Amino acid sequence: MSDLNNLPTTYSPQEAENKWYKIWNEGKYFKPKAGKQKKTYTIIMPPPNVTGQLHMGHALDVTTQDTLIRFKRMKGFETLYLPGMDHAGIATQAVVEKMMAEEEKKSRHDYGREAFVKKIWEWKEKYGGIISEQQRTLGASCDWDYYTFTLDKIPNLAVKKVFVDWYNQGLIYQAERLVNWDPALQSAISDAEVDHIEVQGFFYHILYPIKDSNDFLEIATTRPETMFGDTAVAINPKDERWNKLIGKTAIIPICNRGVPIIGDEYVDLEKGTGCLKVTPGHDFNDFEIGKRHKLPLINILNPEGTLNKEAGEFAGFQCKKARKLVVEKLKELNLFKEEKKHTHQVGHGERSKVIIEPMLSKQWFLNVQQMSKIAVEKVKNNETIFWPKGWENTYFSWLNSPQDWCLSRQLWWGHQIPVFYCKDCKNQWASEEVASTCKKCNSKHIFQDPDVLDTWFSSGLWPFSTLGWPIESAMKEKGFEKFFPTSTLVTGYDIIFFWVARMMMMSIQILDKVPFKDVYVHALVRDKQGRKMSKSLANGIDPIEMVNLYGADAIRFTLAAGSGYNRNLNLDPERISGYRNFINKIWNAFRFIAPHLELAQSELPTISELTHHEKWILAELNQTTKLVNESFEEYRFDDACKTIYSFVYDKFCSWFIELSKNILNSEGHNDKRRRATVLKFSFRQIVALLHPITPYLSEELWSYLKTPAEDLLIAQEFPEYKSELHFQEDQEGMNKFTEVITNIRNLRMSVNIKPKDEVNVQIFLDTKEMEYFSKNSDEIKSQAKIIELKLLKKSESRPAKSIMSATTYCEIFLPLEGIIDLNDQIKRLEKELLKCEQEINKCTAKLNNANFMASAPPEVVFEVQKTAEDNKEKAESIRKNLVGFK
RNA sequence: GGGCGUUUAGCUCAGCUGGGAGAGCGCUACCCUUACAAGGUAGAUGUCGGGGGUUCGAUCCCCUCAACGCCCACCA
């Protein structure tokens, strides 16, 4: 331990961070331990992607989760903070494929499935999971023995069990449907993974000849290249312009195929030309029209997004290129009328960023119609509560119009679908075991479905698969019964659909329980100007860089201070340095106390022994404690931070430490000892209050404050409000004390008296204040640098040649020898007077208003009366003395 | 097109169920005062987006307009 008298003037976080994380972790402080609450508190960490680098969003996750965990742990809950990592099917496969292409000029097909998957595992061992190291840096107090990867054995068993059960129940089914096809991934993706992005495009006006006539139908489309897939042209039956053509045949240009002209209400008379080409194979709406009219369905695309042989001479071209060529060709044929600029929303792959093609394909789906209804119920009846409540709407809006979930992905990295096929008898069945023969005909010619499951399928099971489900021995070992349902899910609003909704549905369906009691939805971290942090803008702030610069506690405090019920957190690195300064301030407050720690006693003196200022600081601390507790319970991290900040800064450092200097430098042993005791007591409580937010600094300081027998701070009890430490009178007294001193300092400042120059002061008081001020006159003298302080009755005469200031209960005079700039003083006082008068006018207006007097509650009326009287007294003081100046 | 949200001091934001507006940072002046210059003391700043309404009283409730942002939804 360093010498308490020789601590450095600045706190250096690095040392403490390395030291304490290790001690906590090795000392098993992160492990769940039964506490006085006899209850558990569980947070399952949203598993970051294995490919991920820690960004500010993760840092915010960790900060809020770890703050809650540390808070609850100290409150005496048996806490489990369960870490993990997600295999992130698409993202990870993409990373490795890219690396392979760059380094070896090979594709996954060159390797084959087995070898490729092995390659990803190798990559994962080598590069994956840096993020969990970074989480440690931030102080995440997870039980790392619970660490789970979504492809681990148990989650895999969970996935298989759920799939097989639901397959057998018919909830999971296979269907040939129009799905969102990602040509880059060459896989289907779910609706949730499609982003609609606004794109500048064109309406191409094309003429479709009408069979057995010289007429044409003018059709507007954004996608001329899909005309090879057209199987009808649709017109609204109400459309007077064209409806007589319904029933005739239109000829698709270029391929010269005849298609029926049909009537369908879906067609919008206003949009385009009012004539719609119907391409059921590549448009979701057209697909519906096709169903209504029993139209054939033509697939014109290859899996990689090029046109297939249906497109004749355009086969092999990408859609974008084909579009140009088709337009040129139409121009040649004189069947092209015009193009008009048109902005529209086009679906893009959330990961791949390429345009998504609706395409007919056979996929696995989960029927969510029933489970989504129940998931809504559970939130409606408060079994799970969102904080802030407003996010429930987002959750509902998704679950109220659910599309069946497309589960299968044509990838290699992930949980392979546990469905088997027999080549001989065409039998299909689902099985948790890897089958070797056909269940039905015993044939050995069987194979497993090659697709893998959507990553979110395993994520949806996360709250219980991490706790050992469905393996009973594992559940017992991991404490499933104790920790499930979990307590709070902390996440950003961007994955309410992807994740929260799915965990709710799956958990309710499988276990008939909601997976968590609370959902705290935190803000998304943006840059100072509110822009999303992105690579292209280069506006990202790297949390680890910030940790290196300012320390983990500073960044945690900054993120916590920015986290309440807001949806954006605009982060300015300057704020981090600001809170670094605050942390340093605490460090230095400790340095002040440090030399006196030995003197302090372990128990607080009896209340009758305490001085006014001691009672005051204890009362303020007590109130702070109450507010901090309440704030954490309501996920108001911002309020908690503010409360602690202002107590430490504005109460403890600015006044209590200042007021303690004389005592600690005096000879009075008892006074010194008593004050040292109060200081130490307060400081122990301050670091305890701070610990959930700034674990490192607080643990470091605790090591000096604790008794040898006491455990680490992480394992201490969180401070609670104590009614016996509520001293209202002392808090009110102290308000006067600080007001008078501030007034005197203000006066000194107005005539440029240097801080170290001492002055004489006379205060004229109401008699009822006399006692308080004479009792505290020594402290007033020292705080305001006064040589001689005279406390006089208001009836006494005021000194000549002086400057003055008034409060509602006293007049403060500072007699001066030299020349005073009277104009300045008059201006200052007149301004002050004006304020009072405005206040008085407002009050009297109200008090003269009969309606106000009749309807306002009595305490409000009383308050107004008091304000009026106080201001009248103050104004009177100023006015009287102003006359003297003039 | 549907829904949600935001608009308060130069910047970032807080203001609980209506009683006359706050914080941090920044800024200005003065200070190396024996915990801290990553500091101290003092100070300035707001038609609480516009308009209307309810009320004795509106930053807060209702209506309306505007700007910005987000989410969902059809590539005619």
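Labels below follow one simple rule: chain letters A, B, ... track the order of the sequence lines, proteins then strands, and each chain is numbered from 1. These figures come from a predicted structure and were not determined experimentally.
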With B for base contact, S for sugar-phosphate-only contact and - for none (protein heavy atoms under 4.0 Å), nucleotides 34-39 of chain B reads -BB-BS
Going 5' to 3' through nucleotides 1-14 of chain B and flagging B where a protein heavy-atom sits under 4.0 Å of the base, S where only the sugar-phosphate is that close, and - otherwise, we get ---SS------SSS
Residues of residues 747-759 of chain A with a heavy atom under 4.0 Å from any atom of RNA chain B, listed by number, are Met749(A), Lys754(A), Pro755(A)
Original post:
Ignoring hydrogens and angles, are the base of rG19(B) and the side chain of Lys842(A) linked by a donor-acceptor pair under 3.5 Å?
Top reply: no
Check your understanding: Any idea how Phe582(A) and Tyr649(A) line up, ring-wise: parallel (<30°), tilted (30 to 60°), or perpendicular (>60°)?
Key -> parallel
Writing each nucleotide of RNA chain B 5' to 3' as (, ), [, ], | or . by Watson-Crick or G-U pairing under 3.5 Å yields (((((((..((((.....[..)))).(((((.......))))).....(((((..]....))))))))))))....
On RNA chain B, more 5' by nearest nucleotide between Ala234(A) and Ser401(A) is Ser401(A)
Comparing Leu269(A) with Val860(A), nearest RNA chain B nucleotide closer to 5' gives the residue Val860(A)
What nucleic acid atoms does [X] come within less than 4.0 Å of, heavy atoms only: base, sugar-phosphate, or nothing?
X: Gln345(A); value: base
X: Thr742(A); value: sugar-phosphate
X: Ile356(A); value: base

[N] and [M]: how far apart are their [atom1] atoms, nearest whole angstrom?
N: rC13(B); M: rU8(B); atom1: C1'; value: 9 Å
N: rC56(B); M: rC68(B); atom1: P; value: 38 Å
N: rG51(B); M: rU12(B); atom1: C1'; value: 29 Å
N: rG53(B); M: rU17(B); atom1: P; value: 25 Å

[X] [atom1] - [N] [atom2] separation (whole Å):
X: Gln403(A); N: rC72(B); atom1: CD; atom2: C1'; result: 12 Å
X: Asn400(A); N: rA73(B); atom1: CG; atom2: P; result: 14 Å
X: Ile289(A); N: rA76(B); atom1: CD1; atom2: C1'; result: 9 Å
X: Lys835(A); N: rG20(B); atom1: NZ; atom2: C1'; result: 15 Å
X: Asn743(A); N: rA42(B); atom1: CG; atom2: P; result: 10 Å

In short, side-chain hydrogen bond (donor to acceptor under 3.5 Å, both in side chains) pairs touching residues 586-600 of chain A with sequence neighbours left out are Asn588(A)-Arg591(A)
Report yes if a side-chain nitrogen or oxygen of His342(A) is closer than 4.0 Å to either non-bridging phosphate oxygen (OP1 or OP2) of rA76(B); otherwise report no. yes
**OP:** Determine, for Asp639(A) against Arg636(A), whether the closest basic-nitrogen to carboxylate-oxygen distance falls under 4.0 angstrom.
**Re:** yes
Electrostatic pair Glu863(A)-Lys846(A), nearest N-O below 4.0 angstrom
no
Residues passing the side chain to side chain contact (heavy atoms under 4.5 Å, CB included) test with Asp757(A), sequence neighbours excluded, are Ile753(A), Lys754(A)
